[in-house]
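Presented below is the structure to which this report refers.
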Amino acid sequence: MTVTRKRRTGRKARQNRRAVIVAIIACASCIVLVASLCIWLMVSGGQTTTTLTEEQIAEQAQQQEALFEASLEAEEEKNSEYINSKTIDQIVGAGKEVSKALSLRPKTVEMTDENRDEFVNILSCNIVSSGKVEITATSEGIPKSDDKYYYLFEQATYEESIDETKEPVAKVYKNDEALFSLNLNKGAADTRLFSKFQVAVKLDDKYVPISHAKYITNPGACAGYSYGGMQHKSIKGLLPDPLRISELQDLGCEYATYNIPLSLILTTSGGISYSYGGVTYHFNERIINDYDTLFKRLNSMGIDVAAIILNNASTSAFPEITHPSARSGSTAPYYMFNATDERGVKALAAIGSFLAGRYSGSGHGNVSMWIVANEVNARREYNYMAYTDVNTYTVAFTRAFRVFYNAIMSQNSAAKVYTSIDQRWTYNTEKTGDYDAKDFLDIFATSLSDYGNIDWGLAAHPYSFPNGNTAFWKSSKYVNHSETTPCITMDNLEVLTNYMKKESMLDTSGNVRSIILSEIGYSSTSGQALQAAAFAYAYVKMEQNGYIDALMLSRQTDASDEIAALGLALGLETTGGGKKQIYNVFKYIDTDKRSEVISFAYDIVGKTF
């Protein structure tokens, strides 16, 4: 069998063939020359030497050149069997494109100590519809490193840096734009819903981070529910008395707050089993059923619920839920949540996921607003952790808050999740062992933004200061209308809402965040008329402010323990159920009877409002 070998084509091949042809011609010329010389020597013995003229020499050179050109033409004819002009144009065009791409490639940059930590900027860390997490990053140029890759590392909430024993979860070629894609694994033991991600390169054979870590910022993209609440005609809400729920419809109540202390709903075994993150948790079935009944009843009256998740879980039965620095040393009713280790993060995630999944459209009643902890800046009273600086304290809470936020939003994409502060704004609260609300809020907002901004809300408690000062409109050394006011009450509420308009405080869409007043109240200790007037004036100021989404008055019925300990009788009704003057003011303040029921207050407040 004869095998035909295809000729090579291209510039290099043509050059090689030309060299071969030239060599053949040169050899042939040499042979002709030697033969001619031999004949000349043979006949030259008896003949006169004949010298070639210049014309003869030129003629021979022309003959050789013609022979060379003819050989080249023949060779090119053969090449045309293997490559045509169109193919050559395509090859040339592709080469130009490659050349252009190389010329446009970002320059390689030597990183410095000053720019290395954030040389790469993670623009987004989002869940996409396919159940994947996509991380996009950009940089000014391509950093010099040991190789041609960017490496992506996954870190737990509580991890501060890249563990030397860890391997990257993905890698891509370095460029000024990069895209990483990972599986989300929602609900699994290796879920990435609560992870943060960081880009690194290899330098001296070690992984070196070159970006700020970022969390997933759109956990709602994997939610199965989307309950954001009902339509309401006013912002009026109340802390209800479970024994007098039927009165809420008569009061025209639109919102209600309710506490969910973890000691009530958790159990070590039995009950309602809930597996999350590879661990099975247990919830008290009887208590959960009671919440089901309550929330469904409130919803049936057109009332939306704001549920407050409070940590008073047993530190012996559930130590993982409470921060290690909060497990002893205090008689405070509630403690700092724990996001310092894997067990703690999984437990908080499971609690948030269970509650939001149950109360977002599954038939057990709905909760549209979730408040994580109570008056967080009040460390000693409501969110105990051993005393430390305000930054350390706030970061500890912020990490736990993000776990709850992602867990809740991953079940209900339309839910709102709030942090809570009291009225002590710049009071120099640290001298009491607590923290100023403004300091806490600044650090909280900055930390969340640095690691990936999310749409958290603010639940403020602008009580009078002291709390028994029902006539909040009277001059006080604790209240002024500047950003540095010691306290924020209903007299200077605009200080808070103006502060929340600052660019550093805006939500991910550039809007003012949701603000609710989840606790506010006035005592009738100094008289029922004063209490009713204070509420009337405060409500009108809230409406006029325009940035308050809901008000929850504390409370429907006086609490005996508050009266005994603090001298505060904050209810619409007495402990025995007697209706105070404030009852009708509350009932009609958002109706066409407003002027009729609040006119008495003008003389008390000293102005028409």
Side-chain angles (χ1 to χ4, degrees), residues 117-118 120-137 150-172 178-201 207-223 275-279 320 323 337-353 356 372 395-411 413 417 447-456 508:
D117 289 346
E118 296 189 29
V120 168
N121 176 31
I122 295 180
L123 292 179
S124 64
C125 184
N126 290 331
I127 298 169
V128 295
S129 58
S130 60
K132 297 274 188 179
V133 181
E134 286 189 353
I135 298 99
T136 60
Y150 283 139
Y151 298 91
L152 186 70
F153 280 84
E154 178 182 2
Q155 295 171 262
T157 303
Y158 44 85
E159 290 179 325
E160 298 282 358
S161 59
I162 295 175
D163 189 331
E164 291 185 359
T165 64
K166 275 194 172 183
E167 290 297 319
V169 292
K171 68 178 182 179
V172 297
L179 174 65
F180 299 91
S181 181
L182 304 168
N183 291 325
L184 174 62
N185 302 329
K186 178 184 175 181
D190 59 347
T191 181
R192 293 188 165 106
L193 188 58
F194 311 100
S195 299
K196 53 192 172 187
F197 302 91
Q198 195 168 24
V199 178
V201 294
Y207 293 113
V208 177
I210 59 170
S211 77
H212 198 289
K214 299 283 185 179
Y215 289 90
I216 290 169
T217 57
N218 68 331
C222 65
S275 294
Y276 194 88
V279 181
E320 69 275 16
H323 193 285
F337 288 108
N338 176 35
T340 66
D341 54 42
E342 183 180 11
R343 290 184 67 209
V345 169
K346 285 191 172 186
L348 303 189
I351 292 166
S353 178
V372 181
V395 168
F397 175 78
T398 303
R399 288 177 174 174
F401 179 90
R402 192 185 285 269
V403 173
F404 273 114
Y405 180 92
N406 280 19
I408 290 167
M409 298 300 291
S410 72
Q411 295 291 346
S413 63
V417 187
S447 179
L448 286 176
S449 180
D450 286 348
Y451 286 90
N453 199 10
I454 50 178
D455 290 329
W456 56 273
T508 59

From [X] [atom1] over to [Y] [atom2], what is the distance, rounded to the nearest 0.5 angstrom?
X	Y	atom1	atom2	result
Ile122	Ile135	CD1	CD1	7.0 Å
Lys346	Thr191	NZ	OG1	9.5 Å
Gln411	Asn406	CD	CG	12.0 Å

Could you check whether Asp455 and Thr508, counting side-chain N and O atoms only, form a donor-acceptor pair closer than 3.5 Å?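 Distance-only check passes for Thr508 and Asp455.
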What do you reckon, are the aromatic ring centroids of Phe337 and Phe404 less than 6.0 Å apart?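 Yes; Phe404 has its ring centre under 6.0 Å from that of Phe337.
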Can you check whether [Y]'s main-chain N or O pairs, donor with acceptor, with [X]'s side chain at less than 3.5 Å?
X	Y	value
Asn121	Leu123	no
Arg402	Leu448	yes
Asn218	Ile127	yes
Glu134	Ser181	no
Lys186	Cys222	yes
Ser353	Ser410	no
Arg192	Asn185	no

Taking all non-hydrogen atoms of both residues, which atom of Ile408 and which atom of Gly352 are closest, and how far apart?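 Heavy atoms only, the tightest pair is CG1-O, 3.9 Å.
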Mind running side-chain contact (heavy atoms from CB on, under 4.5 Å) on Phe153 and Val169 for me, showing each step along the way? CA-CA 6 Å; Phe153 280 84; Val169 292; 6.0 Å; no
Any side-chain heavy-atom pair of Tyr215 and Lys196 under 4.5 Å: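 SC-SC contact between Tyr215 and Lys196 confirmed.
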Let me see the working for Glu167 and Tyr207 under side-chain contact (heavy atoms from CB on, under 4.5 Å), right down to the final yes or no. CA-CA 9 Å; Glu167 290 297 319; Tyr207 293 113; 3.9 Å; yes
